[in-house]
Amino acid sequence: RIGKTMDINKIIDKMKDNIVLVEYTSLISGTKKVREMTLSYDYIPKPSQIFTNLPTGDKMIAFDLEFNRWDDIDPETILSWKVMQQDFKQVQKDLTELNSDGD
């Protein structure tokens, strides 16, 4: 468990321009979750662009791309995180649009 010693501001800064894969423990169910989260309006649908990029109290708010909604995470429950190097949904779309000779 990483706890509050982790620099949550670093995660928030990365989310402002990227998709970040966050592994954390749900406070409600106690189960481990792995979610693609972001604060970048490049990835957030227009109707959902209503929050600011600020932690609230002892929670962090980010947009969950899988469920298409804002969610809060207790920083003490974050097990790991990493910046996604590319938008895998876009890569998959690009691959399916290739013609038969791969161009």
Side-chain angles (χ1 to χ4, degrees):
R1 193 167 160 154
I2 296 175
K4 287 191 177 182
T5 57
M6 177 191 339
D7 186 357
I8 202 66
N9 290 322
K10 185 173 182 180
I11 297 173
I12 290 170
D13 285 343
K14 293 295 184 184
M15 283 186 182
K16 287 179 182 178
D17 297 314
N18 303 286
I19 296 172
V20 176
L21 191 66
V22 181
E23 178 183 9
Y24 65 99
T25 303
S26 169
L27 291 175
I28 296 171
S29 67
T31 58
K32 182 176 79 169
K33 297 186 176 191
V34 180
R35 298 280 190 259
E36 290 180 351
M37 310 289 280
T38 190
L39 292 171
S40 171
Y41 285 167
D42 291 339
Y43 302 105
I44 300 171
K46 293 246 186 268
S48 297
Q49 295 180 1
I50 57 173
F51 285 96
T52 58
N53 303 339
L54 300 173
T56 59
D58 59 349
K59 303 284 189 279
M60 178 183 94
I61 292 180
F63 194 80
D64 183 326
L65 292 166
E66 179 181 354
F67 291 102
N68 206 32
R69 68 176 185 207
W70 290 94
D71 204 357
D72 61 334
I73 299 173
D74 184 334
E76 288 189 6
T77 68
I78 296 176
L79 304 168
S80 66
W81 65 278
K82 69 176 179 176
V83 174
M84 302 300 288
Q85 295 302 313
Q86 50 190 319
D87 183 350
F88 291 105
K89 291 177 185 172
Q90 183 63 45
V91 170
Q92 183 179 17
K93 180 178 180 275
D94 293 343
L95 286 174
T96 58
E97 291 177 355
L98 291 176
N99 65 28
S100 60
D101 63 358
D103 292 330

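The figures here come from the full heavy-atom set of this structure, side chains too, leaving out hydrogens, waters and symmetry mates.
- Within the 4.5 Å cutoff, the side chain of Ile19 has no heavy atoms near those of the Ser40 side chain.
- In this structure Asp71 satisfies the salt bridge (Lys or Arg N to Asp or Glu O under 4.0 Å) test with no other residue, sequence neighbours excluded.
- Here the side chain of Thr38 pairs a donor or acceptor atom with the backbone of Met15 at under 3.5 angstrom.
- Counting all heavy atoms, side chain and backbone alike, Leu65 lies closest to Tyr43 at CD2-O, 3.6 Å.
- The structure places CD1 of Ile11 at 5.5 Å from CE of Met60, a figure rounded to the nearest 0.5 Å.
- Among residues two or more places apart in sequence or in another chain, the side-chain hydrogen bond (donor to acceptor under 3.5 Å, both in side chains) test is passed with Asp64 by Arg35.
- By the salt bridge (Lys or Arg N to Asp or Glu O under 4.0 Å) test, Asp17 pairs with no residue at all, sequence neighbours left out.
- When the side-chain hydrogen bond (donor to acceptor under 3.5 Å, both in side chains) test is applied to Ser29, the partners found at least two apart in sequence or on another chain are Ser26, Thr31.
- Sequence neighbours left out, the pairs with a member in residues 20-32 that pass salt bridge (charged side-chain N to carboxylate O under 4.0 Å, His left out) are Glu23-Lys32.
- Distance alone, capped at 3.5 Å, places no donor-acceptor pair between the Asn18 side chain and the Val20 backbone.
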Practice task
Mind running side-chain contact (heavy atoms from CB on, under 4.5 Å) on Glu36 and Glu66 for me, showing each step along the way?
Solution key: CA-CA 7 Å; Glu36 290 180 351; Glu66 179 181 354; over 6 Å; no
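- Taken from CG in Leu27 to NZ in Lys59, the straight-line distance is 6.0 Å, to the nearest 0.5 Å.
- In terms of heavy atoms, Ile78 sits closest to Tyr24 at CA-CB, 3.9 Å.
- The existence of a salt bridge linking Asp13 and Lys16 is confirmed by a sub-4.0 Å separation between a basic side-chain nitrogen and an acidic carboxylate oxygen.
- Rounding to the nearest 0.5 Å places CH2 of Trp81 at 9.0 Å from CD1 of Ile8.
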Practice task
Check the pair Thr25 / Leu79 against side-chain contact (heavy atoms from CB on, under 4.5 Å), numbers first and verdict last.
Solution key: CA-CA 7 Å; Thr25 303; Leu79 304 168; 3.8 Å; yes
